[in-house]
There are 2 protein chains.
Amino acid sequence: MDNLDRIFHSLADGTRRAIIAQLASGPARVGDLAQHHDMALPSFLKHMRVLESSDIIVSRKVGRVRMCELRPNALVVAQNWLERERRIWEDRLDRLDFLVETLAKKETPDGTE
Amino acid sequence: MDNLDRIFHSLADGTRRAIIAQLASGPARVGDLAQHHDMALPSFLKHMRVLESSDIIVSRKVGRVRMCELRPNALVVAQNWLERERRIWEDRLDRLDFLVETLAKKETPDGTE
DNA sequence: ATCAAGGTTATCCATATGGCTAACTAATCA
DNA sequence: TGATTAGTTAGCCATATGGATAACCTTGAT
């Protein structure tokens, strides 16, 4: 699977977006994160693994506890893709506007608008 | 399904991102879009329907041809979500930096750094 | 040495996804 | 009126996803 595939797929789920939001305010333990989600721990851990596989979060084990942290770089990659496409679209609209304007001036070359 | 779920899910596939990229340069017919993708037309149409269901594209039929157009607003919604989370994360880091700086000054109150 | 806490692994299940082919409809063209 | 073009619908299939439970393994506390 493509890298962007994994990133966007991670984001396409409310539970995972909530985890990201939780981690945006600072690192946390798996258990603390899980408390806010109404599902069995193994199900929750699957979401964590999805987020890790797309490098949106990292985690390391400290004793029997696992600490998790956001790595916003993956989010930036996603933003960049969106920004690029949006810009192509908008530049095109700008050129269209310019074209329309130019044509309008040609139709009224005396400048009476 | 949530709205953001649908948008991000749409983006989580290379074929669909390619369609978005194609449409960023301007509206196009289904057939023209499909030509660049190595899959059967019905499979391709499924991707189009996914994109439409998340309001990333719109289409209307003109005669026997279907014209498709990008609607970048959905992309902006996605960008906004990403931007918000990233900002929360970065504001937090800034506050941490400030804290560290403040503590450092307290340790060297004579200003010798 | 035992027991509890905090995850983790292994399965299992229903539904969704992404691909296919075959058969169909509706608009143009000759 | 036919034949062709451009989609569309209806099914089929393999794999992925998101949920569950039960059993297990470490680590920390007593």
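Convention: sequence-line order gives letters A, B, ...; per-chain numbering from 1. Being a predicted model, the structure only gives us computed values, none of them experimental.
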inquiry  = Under 3.5 Å, is there a donor on one side chain and an acceptor on the other for B:Gln79 and A:Gln79?
reply    = no
Subject >> Flag side-chain contact, heavy atom, 4.5 Å: B:Ile19 against B:Met48 >> reply: yes
Sorted by number, residues from residues 47-68 of chain A placing a heavy atom under 4.0 Å from DNA chain C are A:Arg49, A:Lys61, A:Arg64, A:Val65, A:Arg66
Sorted by position of nearest nucleotide on DNA chain D, 5' first, the leading residue of A:Met39 and B:Gly31 is B:Gly31
Would you tabulate the nitrogen or oxygen pairs shorter than 3.5 Å linking the protein to nucleotides 14-17 of chain D?
none

A:Arg6/A:Asp55 under salt bridge (charged side-chain N to carboxylate O under 4.0 Å, His left out): CA gap, chis, key distance, verdict
CA-CA 9 Å; A:Arg6 269 192 293 268; A:Asp55 289 330; over 6 Å; no
Correct closest heavy-atom pair for B:Glu52 and B:Ser59 would be OE2-OG, 3.0 Å
Residues B:Ala74 and B:Ser54: closest non-hydrogen pair is CB-O, 3.8 Å
Rounded to whole Å, CG of A:Asp5 lies from C1' of C:dT17 at a distance of 13 Å
Write out a two-atom table: protein N or O, nucleotide N or O from nucleotides 21-24 of chain C, distance below 3.5 Å.
none

Rounded to whole Å, the CG-P distance (A:Asp38 to D:dG18) equals 17 Å
Nearest heavy-atom approach of A:Ala12 to B:Asp5 is CB-O, 3.7 Å
Heavy atoms of A:Ala28 and A:Leu23 approach each other most closely as N-CD2, 3.8 Å
Correct closest heavy-atom pair for A:Ala24 and B:Arg92 would be O-CD, 3.9 Å
On a heavy-atom basis, the closest approach of A:Ile7 and A:Ala78 is CG2-CB, 4.0 Å
note: B:Lys46, atom NZ; C:dG19, atom C1'; distance rounded to Å ~ 7 Å
- Parallel, tilted or perpendicular, as decided by the 30° and 60° cut-offs, for the rings of B:Trp81 and B:Phe8: perpendicular
Between CG of A:Leu45 and P of D:dG18 the distance, given in whole Å, is 14 Å
>> A cation-pi test, strictly: NZ or CZ of B:Arg86 under 6.0 Å from the centre of the six-membered ring of B:Trp89 and no more than 45 degrees from its axis. Yes or no?
In response: no
